[in-house]
Amino acid sequence: MTETIAIHDEVMPKMSKINQLLSQLETKMDSTNVEKFQPAMEDLKSGHDKMMTWMKSFGDEFSKTEINQGIQLENVDSLKQRLKALKQSHIMAEDMKAHIQKAIEEAEALVN
């Protein structure tokens with residue numbers, strides 16, 4: 001749980017960077033260079049959407065107590081199910097992080 005939350009906490013501040021880059025790309029884009037800037041803008045928007053989707057899914061799957069104190073179940077089968085869900089959320093968080101990092105790098109290359 002701690003590792004998964006750490007991914008979120010690392011990536012969340014980058015949401016403002018995504019918005020900043022979108023503005024910069026929009027400023028540079030005109031009818032002659034849409035093909036150059038549009039893919040980067042779509043990747044940034046997709047990264048933002050991935051973060052929002054992940055947070056909603058994570059919040060729906062885990063209670064505030066589980067998020068803040070960890071999963072604490074004595075029933076082995078129930079614990080296995082919760083850990084399986086946590087592992088899936090962790091994989092999704094890693095994917096979201098990689099997507100956002102790549103999108104930011106590509107957009108920064110275009111604005112610099």
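Every heavy atom of this structure was used, including side-chain atoms; hydrogens, water molecules and symmetry mates were not. Keep in mind that this is a model prediction, so the values were computed, not measured.
If you take NZ on Lys84 and NZ on Lys80, they are separated by 11.5 Å, rounding to the nearest 0.5 Å. For the atom pair Met96 CE and Asp49 CG, the distance stands at 12.0 Å (nearest 0.5 Å). Atom CE of Met41 is separated from atom CD of Glu106 by 14.5 Å, given to the nearest 0.5 angstrom. The CD1 atom of Ile104 sits 5.0 Å away from the CD1 atom of Ile18 when rounded to the nearest 0.5 Å. Atom CD of Gln81 sits about 12.5 Å away from atom CG of Leu86, to the nearest 0.5 Å.
Between Glu108 and Lys17, the closest side-chain pair of non-hydrogen atoms falls below 4.5 Å. In this structure the side chain of Leu73 reaches within 4.5 angstrom of the side chain of Arg82, judged on heavy atoms. You'll find the side chain of Ser63 reaches within 4.5 Å of the side chain of Glu66, heavy atoms only. No side-chain heavy atom of Lys36 sits under 4.5 Å from any side-chain heavy atom of Met29. Considering only heavy atoms from C-beta on, Phe62 stays 4.5 Å or farther from Ile5 through its side chain. Looking at Met15 and Ile100, their side chains come closer than 4.5 Å, going by heavy atoms from C-beta outward. The shortest side-chain heavy-atom distance between Leu25 and Leu44 falls under the 4.5 Å cut-off.
With hydrogens and angles ignored, the 3.5 Å screen pairs no side-chain donor or acceptor of Ser57 with any backbone N or O of Thr53. With Asp95 contributing its side chain and Ile91 its backbone, the two residues share no donor-acceptor pair below 3.5 Å. The backbone N or O of Ala85 sits less than 3.5 Å from a side-chain atom of Ser89, completing a donor-acceptor pair.
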Intermediate values then yes/no, side chain to side chain contact (heavy atoms under 4.5 Å, CB included), Thr4 and Trp54: CA-CA 11 Å; Thr4 303; Trp54 181 86; 3.6 Å; yes

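Among residues at least two apart or in separate chains, there is no ring-ring contact (aromatic ring centres under 6.0 Å, His included) pair with a member in residues 72-112.
Across Ala40 and Leu110, no two heavy atoms sit closer than the pair CB-CD1, 3.5 Å. Here the shortest heavy-atom pairing between Asp30 and Val34 reads O-CG2, 3.2 Å.
Ion pairing between a basic and an acidic side chain is recognised when a charged N comes within 4.0 Å of a carboxylate O; Lys56 and Asp60 show such pairing. For Asp43 and Lys102, the salt-bridge test fails: no basic side-chain N is under 4.0 Å from an acidic carboxylate O.
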Atom pairs and distances, donor-acceptor, side-chain atoms in residues 6-14, under 3.5 Å, two or more places apart:
{"from": "Glu10", "atom 1": "OE1", "to": "Lys97", "atom 2": "NZ", "distance (Å)": "3.1"}
{"from": "Glu10", "atom 1": "OE2", "to": "Lys97", "atom 2": "NZ", "distance (Å)": "3.4"}

